[in-house]
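Computed from a predicted model, the values in this text were never measured in an experiment.
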Amino acid sequence: MNLFRLAGDMTHLLSIVVLLLKIRTTKSCAGISLKTQELYALVFVTRYLDLFSRYVSFYNSVMKLVFLGTSFAIVWYMRYHKVVKQTYNKDEDTFKHYFLVLPSFVLALLIPHAFNTVEILWTFSIYLEAVAILPQLVLLQRSRNIDNLTGNYVFLLGGYRVLYLFNWVYRLFMEENHKMRWIRDFVEILNTAWMSGLVQTALYADFFYYYIKSWKNREKLKLTA
Amino acid sequence: CLQEHVKDEL
């Protein structure tokens, strides 16, 4: 495992910690999209179906359990916690799940890694993760004031994707035994995971722009439509 | 292949 991958995972983990911290300490989930959180829970369930059948490392297994557990905890807080659920911006979080789930699933059926249930759902989870942030970004656009924790949460989530891209480039060049192998692999750049990762990172570009601008000007974060 | 690469990630 290289440093980019580790930094990416830690950033991802930190984003979840920040979100749970916001929910638990402020007893509020204002500005957080339940749609996005439910989609992430679905992403983790469909991706980690091989949790018990395919062992990679202790680190991987623990992290998978953490991601599964925390994503369901967040959804539980937003849906059922009697104080937290009242702070949910239900009227502004109107993005439809199926609008993202359906195309991801159709695409996974068309271009699966291999044709069996686990592989199709794995491919589906890769596509879905790429676009699952959309309801959250739409909600941010609609919110007048974005509190620091919410801003930091989305920033860390985007940071995780950028670090994963660096990780893939690093692996592409460093992990090949054959010197010319990377040229063939580079043609393969249009494959599932890479394209999804690129799309996902691009989605954050706009957010990053306003985040850094507000940080430079020491202003409160505000996205203008 | 690249797909196999990302299979050991999260």
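- Using non-hydrogen atoms only and a strict 4.5 Å limit, the part of residues 33-51 of chain A facing chain B consists of A/Arg47, A/Tyr48.
- Legend: residues meeting side-chain contact (heavy atoms from CB on, under 4.5 Å) with A/Phe52, ordered by chain and number and at least two apart, are absent.
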**Report entry** A/Arg54 and B/Lys7: CA distance, side-chain angles, deciding distance, side chain to side chain contact (heavy atoms under 4.5 Å, CB included) verdict
**Finding:** CA-CA 10 Å; A/Arg54 191 172 164 277; B/Lys7 276 269 172 172; 3.6 Å; yes
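- Counting heavy atoms from C-beta outward, A/Val56 and B/Glu9 have side chains that stay 4.5 Å or more apart.
- For the pair A/Arg171 and B/Asp8, the salt-bridge criterion is met [side-chain N within less than 4.0 Å of a carboxylate O].
- No side-chain donor-acceptor contact under 3.5 Å links A/Asn60 to the backbone of B/Leu10.
- Within a 6.0 Å radius of OH in A/Tyr55, other residues, nucleotides and ligands contribute more than 12 heavy atoms.
- Looking at residues two or more places apart in sequence or on another chain, you find a side-chain contact (heavy atoms from CB on, under 4.5 Å) between A/Phe155 and A/Phe207, A/Phe208, A/Tyr211.
- Open room surrounds CZ on A/Phe166; 12 or fewer heavy atoms of other groups in view lie less than 6.0 Å from it.
- With a 6.0 Å radius and a threshold of 12 heavy atoms from other residues, nucleotides or ligands, A/Trp76 has its CH2 atom above the threshold.
- Against chain B, the residues from residues 4-13 of chain A that qualify, each with a non-hydrogen atom under 4.5 angstrom away, are A/Arg5, A/Asp9 in number order.
- Atom OH of A/Tyr209 has 12 or fewer heavy atoms from other residues, nucleotides or ligands within 6.0 Å.
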